[in-house]
K.L.:
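Provided herewith is a single structure, encoded as structure tokens, for subsequent inquiry.
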Amino acid sequence: MTTLTKTEDAPAPTGPESFLSVRDLKVQFSTEDGIVKAVDGLSFDVERGKTLGIVGESGSGKSVTNLTILGLHSPRSTTVEGEIVLDGKELVTASERELERLRGNKMAMIFQDPLTALSPFYTVGRQLSEPYMKHTGASKKEARDRAVQMLEKVGIPQPKMRFDDYPHQFSGGMRQRAMIAMALMCDPDLLIADEPTTALDVTVQAQILDLLKDLQQEFGSAIIFITHDLGVISTMADDLLVMYAGRAIERGSVREVMREPRHPYTWGLLSSMPRLDSDVDEALTPIPGSPPSLLNPPTGCPFHPRCAFRDEVPGTLCTDTRPSLGDGRAAACHLTAEQKQTIFIDKIQPRLR
Amino acid sequence: MSDNLTLPAQQGPADVTPAEPLLEVQGLTMHFPIYGGFPIKRKVGAVQAVDGVDLTVGVGESVGLVGESGCGKSTTGRLITRLLEPSAGKITYAGRDITHASRREMAPVRSEIQMIFQDPYSSLNPRQTVGTIIKSPMEVNGIEPEGGREKRVRELLELVGLNPEHYNRFPHEFSGGQRQRIGVARALALNPKLIVADEPVSALDVSIQAQVVNLLKKVQEELGIAFLFIAHDLAVVRHFSQRVAVMYLGKVVEVGDRDAIYNRPRHPYTHALLSAVPEVEMDDDAEPRERIRLSGDVPSPIHPPSGCRFRTRCWKAQDKCATEEPPLLQISGNRAGHLTACHFPEEPTTEARDEDVILDPALQALEGSADQG
């Protein structure tokens, strides 16, 4: 995708289409044990009406990135560097007041666990209409109408009666629907969905994913979709960013990354995952070891301690130098393009069939 | 339904119904009572978590149990390990009725049926060393292996891919995947014949899941241990289990060998489950799969629907489904060992249909308007 470009020197002029652009974002937490580099030099763009998928394991920094975009990190223990530009507005340096005006209005979030994200003390209807009243200055009646309309849109039966229910009176799938309705109340331009279906059952997950896709077509919001599930992301996203240890290690359209992955970590992810049509007699190929600690990430390429193809790279390049992620379709790896091609065709592709 | 489906019946794998059943479950039922009322509390209802489950696990066989949360799959596992007392039904282990066996009667069986838990963080005692954790089943059962318990623990650690030197470490020093390996080692300590694994990989990261699945598969094949593999991830279950049972709201709706369930499912719920699995499309020429989107959530097991329990979300439901409960039978067109509980079964294929089945009202509304506009 042409819009997924990393600006090297001139960060300011973002393309007219890229609605959100994140440049060289660094998020660090100071903890008792030291400084955690949760996100380390991340850049990406999101177009209007498109979905960017971010995949990664727990602790890869995918959620932190998005909490930082919304400004939901604790300012006391967090240092944020780099820039986040939403529709021409710089968010890293924005004041709390400005962020408040944007949150729930221009950008909204769908959280993983709707039971903890919804307040148990207020009715679902009140939680839906309050931000709407605050942002648009609508009356109580107008907000109620809007909320009922949204609840109906996301498929809550008898929305007029359900408006006055509390979250505990909703089932898991319905709560997640209510969350989506809440996020869409003010017709946001950017929707961040952080593992929105991980807590749900498969059949309900399928309903919610399709619902999000259909609603996006209608509302035209840009979506950042965060998940650890490659299957979910491949049905949802247009573009894909694979994260590992706080860095983006591969980027491209979903099709490109899924069909011709170029990074050893992506190869590992794809071949460690059983599929409904894979050969059951063949053992899965797991990635050895476990994800690194962000307190003390490995030098050079963060994936090198677990990488099966380190020997193919001459010298100590992998342990010394951090590979950069190029423009557009790219992977941050020291292997040459030809090496990647041959390894993928000879060793990886047969496992995926 | 279609008569031409009887053809491949002979080609089915021979081990569909193993000659020697290790565990037999008949009509297993667990109703958790609900108490209420004032001033005297009385039973006002029951959560019908498991309601008449029939299941067989052969010696050395791996049986998968899939279903959504609240369908009773974990309760079934706990009943089989006798961590819960069943309300009704019969559990036969190696020819012995253990349904209501007393503590003393259970003692010799306990060491042969072991369990692996879902959460590797809460299932290991944080105050005990790994050595103590793995050793304790041997101590409880008074087993003194050759060469001493410590030697056996070190062997087990090595078997599950951990360093035997880690004998004196505490669980918090290990990652999630390593902790799950400790759980596996503990389950293996007594040379069990049956392991009930309740969602053993769902708490782990994607790249770690494969490590644990491979370990369990190795253990199952090399040591010949029978597994009851409870999980909601259909792809993992398919990879691990020779036979699969699909549960819905406390009942087994379909059971059969791997090929029958994944390629020739008959029950509408199995179709819906399979079509809901999000899959990475690796090929362009992969056959398109059917698309079924149910409406709403699973009904409450306190007041389950009459007749067929799936009928409230089923697109084929008719009056008969509400009045008559479908028995779990080998319906016409099924191969031996493939049982389906449905009055109006689906065609045995997962290929895309001419028209998607969309029951969700919100999706219907959104997609309907998109089609017209």
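Just so you know, these numbers come straight off a predicted model, no measurement behind them. Letters A, B, ... mirror the listed sequences (proteins, then strands); counts begin at 1.
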K.L.:
Report the option among B:S300, B:P361, B:A276 that has the most heavy-atom pairs separated by less than 4.5 Å from atoms of chain A.
P.N.:
B:A276
K.L.:
For residues B:Q211 and A:S272, determine if any side-chain heavy atom of one lies less than 4.5 Å from a side-chain heavy atom of the other.
P.N.:
no
K.L.:
Could you have a look at A:S171, A:G172, A:P157 and say which one has the most heavy-atom pairs with chain B under 4.5 angstrom?
P.N.:
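Going by pairs under 4.5 Å, I would pick A:S171.
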K.L.:
Starting at CG of A:L284, measure out to NE2 of B:H239 and round the result to the nearest 0.5 Å.
P.N.:
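Output value for this atom pair is 3.5 Å.
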K.L.:
Most heavy-atom pairs under 4.5 angstrom with chain B, which of A:T235, A:L209, A:V232, A:D229?
P.N.:
A:V232
K.L.:
For the CG atom of B:L366 and the CG atom of A:D210, what is their distance to the nearest 0.5 Å?
P.N.:
10.5 Å
K.L.:
Quick one: what part of B:V213 sits under 4.5 Å from any heavy atom of chain A, side chain, backbone, both or neither?
P.N.:
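The side chain, not the backbone.
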K.L.:
Between A:D281 and B:K217 (salt bridge meaning N to carboxylate O under 4.0 Å), is one present in this structure?
P.N.:
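Salt bridge flag = no for B:K217 with A:D281.
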K.L.:
Would you check, one step at a time, whether the test side-chain contact (heavy atoms from CB on, under 4.5 Å) holds for B:R238 with A:V280?
P.N.:
CA-CA 7 Å; B:R238 176 178 175 275; A:V280 283; 3.7 Å; yes
K.L.:
Is the number of heavy atoms from other residues, nucleotides or ligands under 6.0 Å of A:Q341 CD greater than 12?
P.N.:
no
K.L.:
Please classify the contact between A:V204 and chain B as side chain, backbone, both or neither, with a heavy-atom cut-off of under 4.5 Å.
P.N.:
both
K.L.:
Does either side chain, that of B:S295 or that of A:Q207, offer a donor lying less than 3.5 Å from an acceptor on the other one?
P.N.:
no
K.L.:
In terms of heavy-atom contacts, does NE2 of B:H172 have more than 12 from other residues, nucleotides or ligands at under 6.0 Å?
P.N.:
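It does: B:H172 NE2 has more than 12 such atoms within range.
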K.L.:
Examine whether an atom of A:S234 lies under 4.5 Å from a heavy atom of chain B, and if so say whether it belongs to the side chain, the backbone or both; otherwise answer neither.
P.N.:
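Just its side chain gets close to chain B.
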K.L.:
Can you tell which of A:T203, A:I287, A:L276 has the highest number of heavy-atom pairs within less than 4.5 Å of chain B?
P.N.:
A:L276
K.L.:
In terms of heavy-atom contacts, does CD of B:E290 have more than 12 from other residues, nucleotides or ligands at under 6.0 Å?
P.N.:
yes
K.L.:
Answer yes or no: is there a side-chain heavy-atom contact under 4.5 Å between A:D277 and B:E279?
P.N.:
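Contact flag for A:D277/B:E279 side chains = yes.
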K.L.:
For the CD atom on A:Q158, are there more than 12 heavy atoms of other groups (residues, nucleotides or ligands in this structure) within a distance under 6.0 Å?
P.N.:
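For A:Q158, atom CD is not crowded (no more than 12 foreign heavy atoms under 6.0 Å).
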K.L.:
To the nearest 0.5 Å, what is the distance between CZ (A:R177) and CG (B:D297)?
P.N.:
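A:R177 atom CZ to B:D297 atom CG measures 7.5 Å (nearest 0.5 Å).
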K.L.:
Under 4.5 Å, counting heavy-atom pairs only, tell me which of A:S271, A:G289, A:P291 racks up the most with chain B.
P.N.:
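Among A:S271, A:G289, A:P291, the one with the most close pairs to chain B is A:G289.
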K.L.:
Given a strict heavy-atom distance threshold of 4.5 Å, which part of B:S175 is in contact with chain A: side chain, backbone, both, or neither?
P.N.:
side chain
K.L.:
Can you tell which part of B:L274 gets under 4.5 Å to a heavy atom of chain A, answering side chain, backbone, both or neither?
P.N.:
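Contact with chain A involves both backbone and side-chain atoms of B:L274.
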K.L.:
Using the test side chain to side chain donor-acceptor pair (under 3.5 Å), find all partners of A:K340 that sit at least two apart in sequence or belong to another chain.
P.N.:
none
K.L.:
At under 4.5 Å between heavy atoms, what parts of residues 199-209 of chain B are in contact with chain A? List them by residue number.
P.N.:
B:D205, B:V206, B:S207, B:I208
